[in-house]
Amino acid sequence: QVQLVESGGGSLQAGGSLRLSCAASGYPYSAACMGWFRQAPGKEREGVAAIYTGLGTTYYADSVKGRFSISRDNAKNTLYLEMNSLKPEDTAMYYCALSLSLTGCTRAPLTDTPYNYWGQGTQVTISS
């Protein structure tokens, strides 16, 4: 059974930094891609960043380009999201997700569609 456990969320002022972690376990073979998504109250879930595990190719939403960085430690089976220059509009529940679909990861890595497994989320709250 695949399990994804996020950590690292918190509350801080605008301009600060956080690093989110997602520990993955239980999948029988390598994930095709992994991603971070977020959902603010009253809004739809949106893709923030994704990494194609085969080549390490990364993808970012326009709203976080230049501020967020996704990475993966294969030895630790852990996904990270480094978030800098945080803004109040970054406030949301952040979710880690894992996809087993090479095609899905290639076509739409920042949409929900390719992802098979999801974590429970970690809250990030940014005050102005």
Side-chain angles (χ1 to χ4, degrees):
Q1 181 68 25
V2 173
Q3 284 192 319
L4 302 173
V5 180
E6 302 95 335
S7 61
S11 299
L12 69 165
Q13 290 190 323
S17 299
L18 278 176
R19 188 176 81 158
L20 305 183
S21 300
C22 172
S25 63
Y27 51 90
Y29 46 90
S30 297
C33 65
M34 296 186 72
W36 287 98
F37 290 74
R38 66 186 182 187
Q39 188 167 22
K43 294 187 177 181
E44 293 187 355
R45 186 164 58 192
E46 63 171 342
V48 174
I51 184 165
Y52 183 59
T53 57
L55 297 176
T57 308
T58 56
Y59 308 87
Y60 295 95
D62 289 343
S63 58
V64 305
K65 280 181 182 176
R67 300 189 299 121
F68 290 13
S69 177
I70 188 171
S71 62
R72 185 183 179 204
D73 185 330
N74 291 331
K76 295 182 179 180
N77 286 333
T78 301
L79 182 73
Y80 300 101
L81 184 67
E82 189 77 36
M83 305 187 295
N84 300 308
S85 301
L86 284 160
K87 304 174 181 180
E89 50 264 43
D90 294 319
T91 295
M93 184 71 78
Y94 283 71
Y95 298 91
C96 167
L98 182 153
S99 171
L100 303 177
S101 169
L102 288 171
T103 300
C105 288
T106 302
R107 290 179 178 175
L110 293 179
T111 68
D112 287 10
T113 305
Y115 293 90
N116 308 94
Y117 302 100
W118 295 82
Q120 294 300 307
T122 185
Q123 178 68 37
V124 173
T125 302
I126 309 300
S127 58
S128 57

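Excluded from the calculations below are hydrogen atoms, water molecules and symmetry mates; all remaining heavy atoms, backbone and side chain alike, are included. Residue numbers run from 1 in the order of the sequence given.
Considering only heavy atoms from C-beta on, Phe37 stays 4.5 Å or farther from Glu46 through its side chain. Residues Arg38 and Val64 are in side-chain contact: their nearest non-hydrogen atoms beyond the backbone lie under 4.5 Å apart. Side-chain contact between Phe68 and Leu86 is present, with at least one heavy-atom pair separated by less than 4.5 Å. Residues Gln39 and Tyr95 meet the side-chain proximity criterion, which asks for heavy atoms closer than 4.5 Å. Side chains of Gln13 and Ile126 form no contact here, defined as non-hydrogen atoms less than 4.5 Å apart. Contact check for Ile70 versus Tyr59: no side-chain heavy atoms found under the 4.5 Å cut-off.
Hydrophobic cluster membership is shared by Val48 and Leu18, with clusters built from Ile, Leu, Val, Met, Phe, Trp and Tyr side chains linked at under 4.5 angstrom. Both Met34 and Val2 are assigned to one and the same hydrophobic cluster, defined by single-linkage of ILVMFWY side chains at heavy-atom distances under 4.5 Å. One hydrophobic cluster holds both Met83 and Leu12 under the rule that ILVMFWY side chains link at heavy-atom gaps under 4.5 Å. Leu20 and Leu79 fall within a single hydrophobic cluster, where Ile, Leu, Val, Met, Phe, Trp and Tyr side chains are chained together by heavy-atom contacts under 4.5 Å. Linking Ile, Leu, Val, Met, Phe, Trp and Tyr whenever their side-chain heavy atoms come within less than 4.5 Å leaves Tyr115 and Leu4 in two separate clusters.
Gln3 CD: 12 or fewer foreign heavy atoms inside a 6.0 Å radius. Other residues, nucleotides and ligands contribute at most 12 non-hydrogen atoms within 6.0 Å of the CD atom of Gln120.
Within the structure, the disulfide (SG to SG under 2.5 Å) test picks out the following pairs touching residues 98-128 (sequence neighbours left out): Cys33-Cys105.
Between the Thr78 side chain and the Lys76 main chain, a donor and an acceptor come within less than 3.5 Å of each other. Side-chain N or O atoms of Tyr117 include none that pairs as donor or acceptor with a backbone N or O of Ala24 at under 3.5 Å. A side-chain donor-acceptor contact under 3.5 Å links Glu6 to the backbone of Cys96.
For the pair Arg19 and Tyr80, the distance from NZ or CZ to the six-membered ring centre is under 6.0 Å and the angle to the ring normal is within 45 degrees.
Across every non-hydrogen atom of Ala32 and Tyr52, the tightest pair is O-CD1, 3.3 Å.
Residues meeting the salt bridge (charged side-chain N to carboxylate O under 4.0 Å, His left out) test with Arg67, sequence neighbours left out: Asp90.
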